[in-house]
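Note that the structure is predicted; figures quoted are calculated from it, not measured. Values below: all heavy atoms of this structure, side chains included; hydrogens, waters and symmetry mates excluded.
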Amino acid sequence: MLTLKVITENTDEVVRKLARKGFDAKEVIGKIIELDKIRKSTQAELDANLAETNAISKSVGALMKEGKKAEAEEAKSKVASIKEKSKELDAKMSDAIEKINSLLYTIPNMPYDDVPDGKTAEDNVVVKMGNEIPQLGEDALPHWEIAKKYNLIDFELGVKISGAGFPVYIGKGARLQRALINFFLDEARNAGYTEIMPPTVVNQASGFGTGQLPDKEGQMYHCEVDDLYLIPTAEVPVTNIYRDVILDEKDLPIKNCAYTQCFRREAGSYGKDVRGLNRLHEFSKIEIVRIDTPEHSKESHKEMLAHVESLVKKLELPYRILHLCGGDMSFTAATCYDFEVYSAAQKRWLEVSSVSNFDTYQANRLKCRYKGADKKTQLCHTLNGSAMALPRIVAALLENNQTEKGVRVPKVLVPYMGCEYID
RNA sequence: GGAGAGAUGUCAGAGUGGUCGAAUGAGCCGGUCUUGAAAACCGGUGUACUCGUAAGGGUACCGGGGGUUCGAAUCCCUCUCUCUCCGCCA
């Protein structure tokens, strides 16, 4: 969430920037400022009351020691009325703070100035394209047909044992999963990321820390008995490592990567979007996460983009990079680039990665701070990106590389697959 | 699942009703000493809110929440978590 400080001190700027995200902040910020004034004055009054209570309590102790019982009793009686007032003030202040926070949660992050204007996905800007789109014949098969032809993925079997959106990978289909996971992790490690293997279920505090809760409660699987959530992305456990942590500036940037299974309820999705591997309830993803200083985070973001680009390049997949416009960006991002690969039989672009900088928005929720050489404690910047999500990569690989001999394995994956063709 | 023990600052660890934001030790930072280093010695070393130009004040925080009391790290209730033993088990 945005900090109270930035909202109260730069109100006009905040309103202007949020407008680019299609969010009218004027009213809610007005309310927040009002509530904050109440909070401040209430706190001043409460603090004074408590100070008086403390002073009297101290004097009672002293009087008792001196044996001045009557005076001690008198002091005691004085406290009663002050205490009652304190209780009242305390309630008033908690109420104000609670209201302020619940309003703060409704405000999205401010987009950076270089984020393109726009309202919908139509307005996203293609900043780069790479690798040739293959020309397939009329008889080209979509990936779900290929998966069936070579017995790589059994969607019906998944329905039997779990439900729709939980495919079963078989034989070379399963091996391809493992090959991609290893490839992505090796690439990340070579780029200086520390490999993390986190839990795939998290508690409420973690879901809250990265912003999945309370807003997107319905998107996560919830184990009610234990009140734990299945993670929708490794971002949740890996970023929460740094919840309530004060880092040392010399340890920044922190660069972590993690492979996990990801679980998404995807309530409300339907049609061609959920066909085959296009949208699943469970899938494998390698995530890269960075924690950085405000001064260096833009540079970090660039490095992450270059890393993800190198992956699609090596996999020989036609790709394009989109700079998301203000209106299409996620609630929490300050700037975000999407990577899409072309799935030649479906004839459509599939999103395989988004790489975001959250500025201090997430760190403020997480209370993730660092201490610099100047001994000052301030909020970190957090960034993350997929590097990458498997299913759509697999979809594009199967479709784009289909030949009469089988599906050609990209050179870079051959050592991981142990074969040149999937047949 | 059963029984017991515990949760204190960066860490270890004291504190069982008043001057405790918290002993002591370690670590870390600064200094003295030293050719340099080590040792020794001296000083400093939490977070948040708030008042103040500043110096410096005030308030809160000893796992979370509530209660008793003039006053709670300390007493009571409750929740959570951790550890040990037993059982079960990949």
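For the pair A:Lys298 and A:Tyr112, the distance from NZ or CZ to the six-membered ring centre is under 6.0 Å and the angle to the ring normal is within 45 degrees. The cationic atom of A:Arg178 (NZ for Lys, CZ for Arg) does not lie both less than 6.0 Å from the six-membered ring centre of A:Tyr416 and within 45° of the ring axis.
Base pairing annotation: B:rG1 forms a Watson-Crick or G-U wobble pair with B:rC86, both donor-acceptor distances under 3.5 Å.
Between A:Lys83 and B:rG71 there is a side-chain polar atom (N or O) within less than 4.0 angstrom of OP1 or OP2. The side chain of A:Arg369 places an N or O atom within less than 4.0 Å of a non-bridging phosphate oxygen (OP1 or OP2) of B:rA48. Here A:Lys371 reaches the OP1 or OP2 of B:rU47: one of its side-chain N or O atoms lies under 4.0 Å away. In this structure, A:Thr377 reaches the B:rU47 phosphate: one of its side-chain N or O atoms is under 4.0 Å from OP1 or OP2.
When the P atom of B:rC61 is taken as reference, atom CD of A:Gln43 falls 13 Å away, rounded to whole Å. Between the CG atom of A:Leu89 and the P atom of B:rU50 there is a distance of 17 Å, rounded to whole Å.
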Just the atom pairs and distances: protein N or O near nucleotides 62-64 of chain B's N or O, under 3.5 Å.
none

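Only the P atoms considered, B:rG6 is 26 Å distant from B:rA22, to the nearest whole Å. Distance check on atom C1': B:rU80 versus B:rG13 gives 24 Å, rounded to whole Å. Across the P atoms, B:rU59 and B:rA3 are found 45 Å apart, a figure rounded to whole Å. Taking atom C1' on both B:rA26 and B:rG9, the two are 13 Å apart, rounded to the nearest angstrom.
Of the two residues near RNA chain B, A:Lys40 and A:Gly61, the one whose nearest nucleotide lies more 5' is A:Gly61.
A heavy-atom distance below 4.0 Å to RNA chain B is reached by these residues of residues 44-56 of chain A, ordered by number: A:Asp47, A:Leu50, A:Ala51, A:Asn54.
Sorted by first and then second residue, the side chain to side chain donor-acceptor pair (under 3.5 Å) pairs involving residues 165-177 of chain A (not counting sequence neighbours) are A:Lys172-A:Asp423.
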